[in-house]
Amino acid sequence: MKLWGGRFEKATEGMVDDFHSSISFDQRLARQDIEGSIAHATMLGEAGIITKEDSAKIVEGLRGILSDVLAGQIQFEVSAEDIHMNVETILISRIGEAGKRLHTGRSRNDQVALDARMYAKEAISQTREHIKDLLRVILDTAKAHTHSIMPGYTHLQKAQPITLGHHMMAWFQMLLRDAQRLEGCYERADVMPLGSGALAGTTYPLNRQRVADLLGFSAISENSLDGVADRDYMLEYLSAASISMMHLSRMCEEMILWATNEFGFIELDDGFSTGSSIMPQKKNPDVAELIRGKTGRVYGDLMGLLTAMKGLPLAYNKDMQEDKEAFFDAVDTWNKCLTVFTGMLKTTSFRLERMEAGAAGGFTNATDAADYLVKKGMPFREAHEVSGRMVLYCIHQGKAILDLSDDELAQFSALIGPDFRQAVSLHTCVENRALPGGPAPSAVETAISHAEAALAEI
Ligand code: ARG
């Protein structure tokens, strides 16, 4: 017999039980569900809504169930539908009459809202730790490479020289914002909905604040309809996950490129690469590719829940049961991708000579050649033209700007003097870009010290 079986004359069809049951996935909320029920029962006893004895029996019974669940000793039943009714059914079977009083002043609608928020708060904290671990590795890599020159790109064409430290600090900023985005999400998840009832609150004099205090929530929800119907905080997490996965995917794409024979900027550790079943020479960046691939899956989780929610009238609708798999999947995927990326980056070796050689090709100093002429008095638009002609000449001659002789240089402008080569050397190009936010080692060192402070804040 179902806990809600009173008004029914016949049992649910087996296929319906199977279809609407959520226990296969919401058993993940078992601990939160039981802890939430312990707080509810404690408050019911304190407020005199049930007797102190019943409250104590319920709490003790729930504690027993919790330790059995954690020990893996409980087999949940599909016929009991979801985690909430499974726990309640087990409680009643263990302690009898008192167990039947647990659900006083509560609905599964506010119960599931509570459990999911408790879960989300933990998930957010976990993800934040994973991001922090990765930020630490990125920062250490940046610190070790403030002077390591590499080409910077636009359109995936060599553009201007930068440093590896500077590139790493760009990654740092991207992921720092991802961590910061979780702060707002946490704040909005940290609201206790119990007391919303099914939709219209309850007539029992519940002490909602007490439940919030017992469970470590910062606030109680302000509206019972919203309390049971809001899944925004999950959508925020999914949005934050999608944005962060997009970042990870771009970082992976760069690592995949850098690991190619054509770029040859990095060597992935054997522990983070895989081979081919047919081609003996292969060492593939599967880990990075899989993170890039899983990004689509997390976007799918976000789109799935946004779409499930968009037509729902207030308050609870069963459609909302679809929130959990999407949410859990995004939590698992994001956390796993962060962890494995951290391991991959930590063990990657950088081929600095290849990077610097890469920066020396492709006329990455052409802007600096123009800037040199500007400093000698030529208007920039004209200097751009002169430097462009110099590049074209070099292309025809198969030379780099630095290979040009004094006579060759003199053809382009009388303003070019003996200090030209020094002015367009890779090191000067990088060192002179010392504005805040720039790639010069001095600027990157400042960025690193700001980053240390930001990291300590999250
Ligand atoms: N398993 C349900 C869910 O995940 C719990 C709430 C069910 N409430 C209801 N009235 N059917 O959303």
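Every number for a ligand or one of its atoms is a count from 1 in the order of the listing. Everything quoted here is computed from the prediction, not taken from an experiment.
- Cation-pi geometry between Lys346 and Phe272 is not met: the NZ or CZ atom fails to fall both under 6.0 Å from the ring centre and inside 45° of the normal.
- Distance from atom 4 (O) of ligand 1 to its nearest protein heavy atom, with residue and atom name: Lys324 NZ, 2.7 Å.
- With a 4.0 Å cut-off on non-hydrogen atoms, His84 touches ligand 1 through its side chain and not its backbone.
- The side-chain tip of Arg128 points at the ring of Tyr186 from less than 6.0 angstrom away and within 45° of straight on.
- Using modelled atom types, one finds a donor on one side chain and an acceptor on the other under 3.5 Å when comparing Glu254 with His167.
- For the pair Arg28 and Phe328, the distance from NZ or CZ to the six-membered ring centre is under 6.0 Å and the angle to the ring normal is within 45 degrees.
- The nearest protein atom to atom 3 (C) of ligand 1, hydrogens excluded, is given as Tyr316 OH, 3.3 Å; this is a heavy-atom distance.
- The distance between the ring centers of Tyr237 and Phe327 falls below 6.0 angstrom.
- When hydrogens are left out, the protein atom nearest atom 5 (C) of ligand 1 is Asp82 OD2, 3.5 Å; that is the closest non-hydrogen contact.
- Contact annotation for Gln111 and ligand 1: no heavy atom of the residue comes within less than 4.0 Å of the ligand.
- Per-residue contacts place Ser22 under 4.0 angstrom from the following atoms of ligand 1 (heavy atoms of the residue considered): 1 (N).
- Closest to atom 10 (N) of ligand 1, if we only count protein heavy atoms, is Asn109 OD1, 3.2 Å.
- Of the protein's non-hydrogen atoms, Gln321 OE1, 3.3 Å is the one closest to atom 2 (C) of ligand 1.
- Nearest protein neighbour of atom 11 (N) of ligand 1, counting heavy atoms only, is Arg108 NH2, 3.6 Å.
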